[in-house]
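Have a look at the structure below before the remarks.
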There are 2 protein chains.
Amino acid sequence: MYAHEAGTATPRTRRERLREATLTEIKETARHHLAEHGPNGVSLRAVARDMGMTAPGLYRYFSSLDDLMTALRADFFTELSQTVTRAEEGVDRDDVDGRILASLRAFRSWAVTHRAEFALLFASSAPEHPVPHDSAALESGRRFAATFLTLFDRLLEERRFPLPAEEDLPPALVRQLVAFGEQTRFTTPNASIGALRVLTSCWVRLYGLVCMEVFQHLAFSMEAMEPMFEAELRDILTDLGVQYRPPTH
Amino acid sequence: MYAHEAGTATPRTRRERLREATLTEIKETARHHLAEHGPNGVSLRAVARDMGMTAPGLYRYFSSLDDLMTALRADFFTELSQTVTRAEEGVDRDDVDGRILASLRAFRSWAVTHRAEFALLFASSAPEHPVPHDSAALESGRRFAATFLTLFDRLLEERRFPLPAEEDLPPALVRQLVAFGEQTRFTTPNASIGALRVLTSCWVRLYGLVCMEVFQHLAFSMEAMEPMFEAELRDILTDLGVQYRPPTH
DNA sequence: CCTTTTGAGTGAACACCGTAAGCTTACGGT
DNA sequence: ACCGTAAGCTTACGGTGTTCACTCAAAAGG
């Protein structure tokens, strides 16, 4: 409702400007601590100390450390979305293949250059409480997903690859995919059940690939994972009827 | 060297028996805390309190909290290995397809029934220090990998699926795969570069699938992920020339 | 312009945490 | 019987998240 009155412009009053400034300063220093000392190395007291204030003061901005972390997650999701989108926009609008390549590579390279941030986004859910269904982080996660969904929709539009028929999928899987389509709001005319099946399958492969790299699972042997990423990317895209091209860098 | 003298039998002297007992008691209570309060909810003081002793006493058994966690990781790896192996042994020795199905399903079901433990094993690497190359946890991880490697070797033996030729792979990828083969000690005659390429590809898919389920990434929509796991499992195994069969439970 | 209200930030306090040092006590081998 | 060794405790230090009461400067309202 505030956003409705003031738009997205910077708030006018001096107080609000200052508040905004310290708010982002808090998040920035917290991010530094995150990157340098890992997710558990972020402490309110240390952040406050770095900023020249005391820990209780931060409670004017975040109701808890967890709240700060949640805010960071939301920020990272939008940053990641923007990174991907910008990479995509650097390619000709009609070059769908190029846009997809650029997007997925941007996703990976953000992840490997921001390991701690990526870990916070994709692997820090506490396994005990079963994920809040309302949080703002979840919403920004959805927006992030949307980035890829629209690209995928272009592929569907062009009928690049054969889709499995709904009748060939087990009913339980169909139910799951229907729910998935509703929850992600990916309900374009092209988004058939078969399409969702392919989408989730590809996403899982990409996700696994990047996770493995970020968490350094094969890292004892595979120091620079890029060749493997590219090989896997090629396979995934071939299944989607997308023409692979090696990276330019 | 102790192991050499005493074998793997329980140590004889009273002191050693007691020590062994409290050692496992510490790890068990720590595991309870892990499962109930997540990886960050494990504290030496709380563990000690639950056992009726004080925190410094635990230092007779573990040199730090981190040391305890590392020991837990090693234990979990061997437990997971045993779970998979036992599932495999419940199937006819000659039914390679059945053994593979049972193994991979056992892997998933251990992961989803032991989320916190799985998270500790597969997604808790602090992104700052780049993984010690010597730790015992890494060694038990290798033993875990070996479980799947031998199964995969059977498939190679039987020439179930076509292998990509080494010449068709980018040189950088070949170098990576060579290093991977050496580090995992997966150097049977069948383990060609092409075979390693297929192996890593399949493993990444499986890993991504299970991670996604454990960390509840698509969970806002996909509550019971089993149908998706089965569908994906089917696809992966088909690529490996393994005949899929639905689970019996 | 002066008053009132608001809100940013502080200091002290509480309850935790990991860990080091020094001590007591009991067991085990000689 | 003795004595070394190791288990466990007490104490202590520095760190953490969080609450509460407080100050003080800035904004708001007359």
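Chain letters run A, B, ... following the sequence lines, proteins first, then strands; residues in each count from 1.
Side-chain atoms of Ser201(B) do not come within 3.5 Å of backbone N or O of Arg197(B) as any donor-acceptor pair.
Side-chain contact between Phe186(B) and Asp153(B): present, with at least one pair of heavy atoms (C-beta onward) separated by less than 4.5 Å. Contact of the Leu72(B) side chain with the Met69(B) side chain is registered, since non-hydrogen atoms from C-beta on lie closer than 4.5 Å.
Atom-to-atom, CG of Leu58(A) to C1' of dG17(D) comes out at 11 Å; the value is rounded to the nearest Å. As rounded to whole Å, 13 Å separates atom C1' of dT18(D) from atom CG of Asp67(A). Going from atom CG of Leu65(B) over to atom P of dG15(D) covers 18 Å, rounded to whole Å. Taking atom CG of residue Asn40(A) and atom C1' of nucleotide dG17(D), one finds them 14 Å apart after rounding to whole Å. Rounded to a whole Å, the NE2 atom of His33(B) is 14 Å from the C1' atom of dC17(C). Glu16(B) places its CD atom 16 Å from the P atom of dC27(C), with the value rounded to the nearest Å. The interatomic distance linking Leu44(A) (CG) with dG9(C) (P) rounds to 14 Å, in whole Å. Rounded to an integer number of Å, the gap from CD1 of Ile26(A) to P of dA8(C) is 10 Å.
Salt bridge status for Arg105(A) with Glu230(A): present, with a side-chain N to carboxylate O gap under 4.0 Å. Contact check on Arg142(A) versus Glu139(A) returns a salt bridge, with a Lys/Arg side-chain nitrogen under 4.0 Å from an Asp/Glu carboxylate oxygen.
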**Fill in**
Going 5' to 3' through nucleotides 3-11 of chain D and flagging B where a protein heavy-atom sits under 4.0 Å of the base, S where only the sugar-phosphate is that close, and - otherwise, we get --BSBBBBB
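Ring pair Trp203(B)/Tyr207(B) is tilted by interplanar angle, where 30° to 60° counts as tilted. Between Phe122(A) and Phe144(A), the two ring planes are perpendicular [angle over 60°; tilted spans 30° to 60°].
Secondary-structure stems of DNA chain C, taken as three or more successive Watson-Crick or G-U wobble pairs (i with j, i+1 with j-1) under a 3.5 Å distance threshold, comprise C:1-30 with D:1-30.
Scored by the salt bridge (Lys or Arg N to Asp or Glu O under 4.0 Å) test, Arg205(A) finds Glu232(A), Asp239(A) as partners (sequence neighbours excluded).
Close to dT16(D), at under 4.0 Å from its OP1 or OP2, lies a side-chain N or O of Arg49(A).
The two residues Ile236(B) and Leu206(B) have their closest heavy-atom pair at CD1-N, 4.1 Å.
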